[in-house]
Colleague: 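Submitted below is the structure of interest, expressed as structure tokens.
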Number of protein chains: 2
Amino acid sequence: MTEQTQKTEKQIFAEFLARKNLRDTSQRELILDEFLRREQHISAEELYDVVKQRDRTIGQATVYRVLKLLCEAGLAREVNFGDGTMRYEHEFGHEHHDHLTCTACGKTIEVVDPAIETLQKALAEKYGFCLLNHEMYLYGTCAECQGR
Amino acid sequence: MTEQTQKTEKQIFAEFLARKNLRDTSQRELILDEFLRREQHISAEELYDVVKQRDRTIGQATVYRVLKLLCEAGLAREVNFGDGTMRYEHEFGHEHHDHLTCTACGKTIEVVDPAIETLQKALAEKYGFCLLNHEMYLYGTCAECQGR
DNA sequence: AAAGCAATTGAAATTCATTATCAATATCAC
DNA sequence: GTGATATTGATAATGAATTTCAATTGCTTT
Ligand SMILES: [Mn+2]
Ligand SMILES: [Mn+2]
Ligand SMILES: [Zn+2]
Ligand SMILES: [Zn+2]
């Protein structure tokens with residue numbers, strides 16, 4: 001299953017590169033591979049650290065560049081928690097979701113509320129907008145942190 | 001009316017400074033005054049530009065510092081549209097609201113949907129969180145930009 | 001297989017917003 | 001006024017992200 005998903009995502013990237021006349025390099029494969037291996041929201045710097053362990057010679061600019069390509073290819077998505085660092089999460093095979101973060105311990109939960117999604121679209125239309133996408137960040141105190 | 005509101009906001013700032021044992025300086029008064037004069041979402045750099053016209057000697061670091069104080073005092077609020085620059089809006093006398101932005105022309109509308117607000121709280125509680133605050137950014141195409 | 005050429009790379013320099021440093025200056029309780 | 005100390009502006013420094021560029025690589029054409 002994981003194998004299957006990974007194969008598909010790598011295929012998508014290969015097709016994306018071919019379509020754009022970009023080259024299939026070992027660095028790009030390696031960075032995608034490590035990105036797919038982790039399910040957390042990861043920053044370019046963090047991904048650079050883990051990629052470096054497999055290829056000491058890789059440059060951080062390359063990680064930034066590939067992450068941008070992955071977004072274009074529909075494999076990654078930017079997440080901005082407002083701490084000054086952009087993070088990335090899997091896009092392919094992962095439904096849209098929003099984030100609920102504990103301001104005390106930093107724990108983040110992925111959430112979706114279909115009713116909210118519907119109301120968002122209606123709200124935009126009320127102002128004549130055609131809603132393309134949205135970001136919703138909920139901040140609060142988690143159950144554990146409330147018990148202190 | 002504007003006079004009345006401004007007076008109140010300036011009082012609040014004065015009280016805040018007194019409470020925190022901070023000093024009431026001409027720079028702080030000037031920056032607050034120019035901030036209150038504008039209703040748009042303004043960046044530190046933009047505010048610095050308008051403040052400079054009244055006091056050529058003011059430093060930009062001071063603008064950054066005062067903006068931070070205004071947030072603490074409950075007079076300003078940070079808004080992050082994800083373009084890499086933090087912006088600020090009036091907090092006092094301005095109800096909470098979210099933002100609907102046109103990705104084509106940049107126009108931003110302030111919106112609130114009480115039903116969404118209620119559902120957000122319920123959603124957080126479903127995961128054991130006590131919701132403290134949230135940010136919701138809706139992105140789409142406005143009526144004018146759709147007609148092209 | 002060799003050549004040719006554009007795409008790619010890593011290192012280093014650069015940008016941009018924001019923050020820290022620090023000596024000079026201003027505020028305010030006394 | 002005096003003095004302790006908060007504040008300021010100039011400047012340096014930071015951290016994330018991007019750009020530059022010469023060297024290298026991948027891929028197409030012979
Ligand atoms: Mn997520
Ligand atoms: Mn607003
Ligand atoms: Zn927590
Ligand atoms: Zn528009």
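Remember, predicted model here, so these are calculated numbers, not experimental data. Below, read A as the first sequence line, B as the second, and so on, with proteins coming before strands; counting in each chain starts at 1.
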Colleague: Within the sub-3.5 Å range, which N or O atoms of nucleotides 28-30 of chain D have a protein N or O partner, and how far apart are they?
Modeller:
none

Colleague: For B:Y139, which residues count as a ring-ring contact (aromatic ring centres under 6.0 Å, His included) partner, sequence neighbours excluded?
Modeller: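 B:Y139 satisfies ring-ring contact (aromatic ring centres under 6.0 Å, His included) with no residue once adjacent residues are dropped.
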Colleague: Pairs under 3.5 angstrom, nitrogen or oxygen only, protein versus nucleotides 21-26 of chain C, please.
Modeller:
none

Colleague: In residues 72-80 of chain B, which ones come under 4.0 Å of DNA chain C, going by heavy atoms?
Modeller: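 Within residues 72-80 of chain B, no residue comes under 4.0 Å of DNA chain C.
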Colleague: Output all residues satisfying side-chain hydrogen bond (donor to acceptor under 3.5 Å, both in side chains) with B:Q53, sequence neighbours left out; order by chain, then residue number.
Modeller: none
Colleague: Can you pull out every side-chain hydrogen bond (donor to acceptor under 3.5 Å, both in side chains) where at least one residue sits in residues 102-116 of chain A? Sequence neighbours excluded, please.
Modeller: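 side-chain hydrogen bond (donor to acceptor under 3.5 Å, both in side chains) check on residues 102-116 of chain A returns A:H41-A:E110, A:H97-A:E110, A:T101-A:T108, A:K107-A:E144.
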Colleague: Under the side-chain hydrogen bond (donor to acceptor under 3.5 Å, both in side chains) rule, collect the residues that match up with A:Y137, sequence neighbours excluded.
Modeller: A:E135
Colleague: With sequence neighbours excluded, what pairs up with B:E91 under the side-chain hydrogen bond (donor to acceptor under 3.5 Å, both in side chains) test?
Modeller: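 Applying side-chain hydrogen bond (donor to acceptor under 3.5 Å, both in side chains) to B:E91 gives B:R77.
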Colleague: Show me the donor-acceptor pairs within less than 3.5 Å that the side chains of residues 14-30 of chain A make with the rest of the protein, sequence neighbours left out.
Modeller:
| unit_1 | atom_1 | unit_2 | atom_2 | d |
| --- | --- | --- | --- | --- |
| A:T25 | OG1 | A:R28 | N | 3.2 |
| A:R28 | NH1 | A:R23 | O | 2.8 |

Colleague: What residues, two or more places apart in sequence or in another chain, satisfy ring-ring contact (aromatic ring centres under 6.0 Å, His included) together with A:H134?
Modeller: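 Per chain and number, A:H134 pairs via ring-ring contact (aromatic ring centres under 6.0 Å, His included) with A:H96.
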Colleague: Taking ILVMFWY side chains as joined if any heavy atoms are under 4.5 angstrom apart, and letting links pass through other members, which residues group with A:L132?
Modeller: none
Colleague: Which ILVMFWY residues can you reach from B:L119 by hopping between side chains whose heavy atoms are under 4.5 Å apart?
Modeller: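 Besides B:L119, the hydrophobic cluster comprises A:L100, A:I109, A:V111, A:I116, A:L119, A:L123, A:Y127, A:F129, A:L131, A:M136, A:L138, B:L100, B:I109, B:V111, B:I116, B:L123, B:Y127, B:F129, B:L131, B:M136, B:L138, listed by chain and residue number.
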